[in-house]
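Read through the structure below, which is laid out as structure tokens, and then see the notes.
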2 protein chains.
Amino acid sequence: MADDDPFPIPDMAEVELVDVLRALGDPARLQIVRKVADGEPWPKTDDTWGLNISKSTLSHHFRTLRESGLTRTIVHGRTHDIQLRRAELDKKFPGLIDAILREG
Amino acid sequence: MADDDPFPIPDMAEVELVDVLRALGDPARLQIVRKVADGEPWPKTDDTWGLNISKSTLSHHFRTLRESGLTRTIVHGRTHDIQLRRAELDKKFPGLIDAILREG
DNA sequence: TTAACCGTTCGATAGTTGTCGAACGGTTTC
DNA sequence: GAAACCGTTCGACAACTATCGAACGGTTAA
């Protein structure tokens with residue numbers, strides 16, 4: 001069963017806009033999302049997040065992003081990738097990701 | 001001088017996207033913004049906000065919205081209107097307001 | 001198998017935030 | 001002027017959150 005998935009993500013149908021916005025309303029998380037906005041998997045160890053935070057804090061933000069419905073986690077042995085659920089998000093919230101990428 | 005303005009708003013040039021998103025990342029505030037999304041002034045006393053909160057809490061949210069750059073306050077004697085800074089926001093963050101209005 | 005590595009989780013902490021009722025100041029109405 | 005009204009501010013409080021270091025478990029490499 002997939003119940004053992006250590007990194008479960010909410011069904012997009014259950015994702016609430018307000019939760020997505022709250023997840024985006026943090027400098028570290030917004031920066032992460034912008035980086036992974038291409039929809040490709042990015043290694044969590046990428047040293048170019050540009051964030052001056054500890055690895056436990058970074059892990060916390062990854063979890064918040066995932067639980068809000070923004071991202072999914074892909075496990076490769078001992079390394080993880082983070083991926084924006086771009087297609088699903090674009091369908092559920094048209095224009096939202098585009099809007100936060102256009103630097104204001 | 002306008003320094004006495006009791007409800008100062010930030011210059012749109014100084015408004016940060018992350019602060020706007022954080023302001024929107026609350027159920028009460030998101031609902032308010034959606035209501036005033038037409039860009040018209042709405043009386044704060046409007047009894048159709050649909051929020052079950054005290055007037056002091058409502059006042060707190062109005063302040064948060066204003067300080068984040070989303071709204072302005074228009075004083076009419078003892079009553080106040082709240083107005084979304086729609087045109088400015090659309091220019092600074094194209095598509096953002098539209099995106100949060102499209103019910104996902 | 002031992003060591004190094006990746007990332008999470010735990011426990012603690014300080015700061016922020018949403019909430020309320022009471023009090024207050026300004027405005028309108030009587 | 002007195003009373004009613006609108007909305008903010010204040011003080012308090014509980015809940016949440018961002019942060020860290022240490023410890024841990026799983027995976028890969030030596």
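The analysis underlying the following values was restricted to heavy atoms, covering all of them including side chains, and did not include hydrogens, waters or symmetry mates. Below, chain A is the first sequence line, B the second, and so on; all start at residue 1.
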Short heteroatom pairs, N/O only, protein and nucleotides 23-30 of chain C, under 3.5 Å:
from    : atom 1 : to     : atom 2 : distance (Å)
dT27(C) : O2     : R78(B) : NH1    : 3.3

For nucleotides 16-18 of chain C, list the nitrogen or oxygen atoms of the protein found under 3.5 Å from its nitrogen or oxygen atoms, one pair per line.
from    : atom 1 : to     : atom 2 : distance (Å)
dG18(C) : OP1    : R29(B) : NH2    : 3.0
dG18(C) : OP2    : R29(B) : NH1    : 3.3
dG18(C) : OP2    : H60(B) : NE2    : 3.1

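Here the P atom of nucleotide dT19(C) and the CG atom of L51(B) are 9 Å apart, to the nearest Å. Atom C1' of nucleotide dT9(D) and atom CZ of R66(B) are separated by 12 Å, given to the nearest angstrom.
Residues satisfying the ring-ring contact (aromatic ring centres under 6.0 Å, His included) test with W49(A), not counting sequence neighbours, are F62(A). Partners of P10(B) by side-chain contact (heavy atoms from CB on, under 4.5 Å), not counting sequence neighbours, listed by chain and number: V15(B), R85(B). Qualifying side chain to side chain donor-acceptor pair (under 3.5 Å) partners for T57(B), counting only residues two or more places apart in sequence or in other chains: S54(B). For the side chain to side chain donor-acceptor pair (under 3.5 Å) test, no residue two or more places apart in sequence or in another chain qualifies with H60(A). The side-chain contact (heavy atoms from CB on, under 4.5 Å) search around R78(B) returns none, not counting sequence neighbours. The ring-ring contact (aromatic ring centres under 6.0 Å, His included) search around H80(B) returns F7(B), not counting sequence neighbours.
Cluster partners of I74(B), using a side-chain heavy-atom cutoff of under 4.5 Å among ILVMFWY residues and allowing indirect links: none.
Of the residues in residues 35-43 of chain B, none has a non-hydrogen atom less than 4.0 angstrom from any atom of DNA chain C.
The salt bridge (Lys or Arg N to Asp or Glu O under 4.0 Å) contacts involving residues 56-75 of chain B comprise R63(B)-E67(B), R72(B)-E88(B), where partners must be two or more places apart or lie in separate chains. Pairs passing the side-chain hydrogen bond (donor to acceptor under 3.5 Å, both in side chains) check and including a residue from residues 11-21 of chain B, sequence neighbours excluded, read D19(B)-R22(B).
Side-chain proximity of R63(B) to dC6(C), dA22(D), dT9(D): nearest is dT9(D).
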